[in-house]
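What you are looking at is a predicted structure, and each value in this text was computed from that prediction instead of being measured.
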Amino acid sequence: MKAAARANRTRAKIHGTAERPRLSVNFSNLHITAQIIDDDKKVTLAYATTVGKKLSGSKTEKAAVVGKEIAEKAKAAKVKKVVFDRGSKIYAGRMSALADAARKEGLEF
């Protein structure tokens with residue numbers, strides 16, 4: 001219940017707009033997913049995941065690949081700035097690797 005409360009507390013302060021959509025990140029036991037969402041229109045602008053891909057390496061390395069891919073798709077959708085939604089996860093390890101890879105590709109948050 002603590003993780004759900006932490007996620008709700010984080011998301012209460014974050015809202016994606018057309019100018020700065022929300023970059024939502026989810027980690028499961030097997031896969032990593034990132035979405036860029038415009039909360040005003042309730043539309044997903046870009047989506048990247050490890051599902052269906054034959055990636056090797058650690059989950060941290062896979063998170064960096066997803067971060068790079070979401071930044072490239074954001075450029076294609078003409079999104080430069082986002083609001084980072086980490087959910088209930090702390091900003092370390094995989095989360096940090098994904099964010100650093102996205103920043104390196106030019107996404108600002």
Q: For the residue pair F84 and Y91, categorise the inter-ring angle as parallel (less than 30°), tilted (30 to 60°) or perpendicular (more than 60°).
A: perpendicular

Q: Measure the NZ-CD distance between K80 and E108 for me, rounded to the nearest 0.5 Å.
A: 8.5 Å

Q: Going through the checks in order, is the side-chain hydrogen bond (donor to acceptor under 3.5 Å, both in side chains) test met by H15 and D40?
A: CA-CA 8 Å; H15 182 80; D40 291 337; 2.7 Å; yes

Q: Tell me, yes or no, whether the heavy-atom count around K89 atom NZ, taken from other residues, nucleotides or ligands under 6.0 Å, exceeds 12.
A: no

Q: Answer yes if I36 and F109 sit in the same cluster of Ile, Leu, Val, Met, Phe, Trp and Tyr residues linked by side chain heavy atoms under 4.5 Å apart, and no otherwise.
A: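 Same hydrophobic cluster.
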
Q: Do L107 and I37 belong to the same hydrophobic cluster, where Ile, Leu, Val, Met, Phe, Trp and Tyr are linked whenever their side-chain heavy atoms lie under 4.5 Å apart, directly or via other members?
A: no

Q: Please determine whether residues V43 and I14 belong to a single hydrophobic cluster, defined as Ile, Leu, Val, Met, Phe, Trp and Tyr linked transitively by side-chain heavy-atom distances below 4.5 Å.
A: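 As far as the 4.5 Å side-chain criterion goes, I14 and V43 are not connected within one cluster.
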
Q: Quick one, L98 with I32, criterion side chain to side chain contact (heavy atoms under 4.5 Å, CB included). Give me CA distance, side-chain angles, the key distance, then yes/no.
A: CA-CA 10 Å; L98 189 143; I32 300 163; 4.0 Å; yes

Q: Using a strict 4.0 Å threshold on nitrogen-to-oxygen distance, state whether E69 and K53 make a salt bridge.
A: yes

Q: Please lay out, stage by stage, how V25 and T33 fare under the test side chain to side chain contact (heavy atoms under 4.5 Å, CB included).
A: CA-CA 6 Å; V25 180; T33 304; over 6 Å; no

Q: Under 3.5 Å, side chain of K59 to main-chain N/O of F27, donor-acceptor pair present?
A: no

Q: Starting from Y47, can I reach V79 by hopping between I/L/V/M/F/W/Y residues whose side chains sit under 4.5 Å apart?
A: no

Q: Check for a donor-acceptor pair, side chain of D85 on one end and backbone N or O of S24 on the other, with a separation under 3.5 Å.
A: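 Side chain of D85 to backbone of S24: no pair is present.
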
Q: Between K75 (side chain only) and E105 (backbone N and O only), is there a donor and an acceptor less than 3.5 Å apart?
A: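 Pair found, side chain donor or acceptor close to backbone of E105.
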
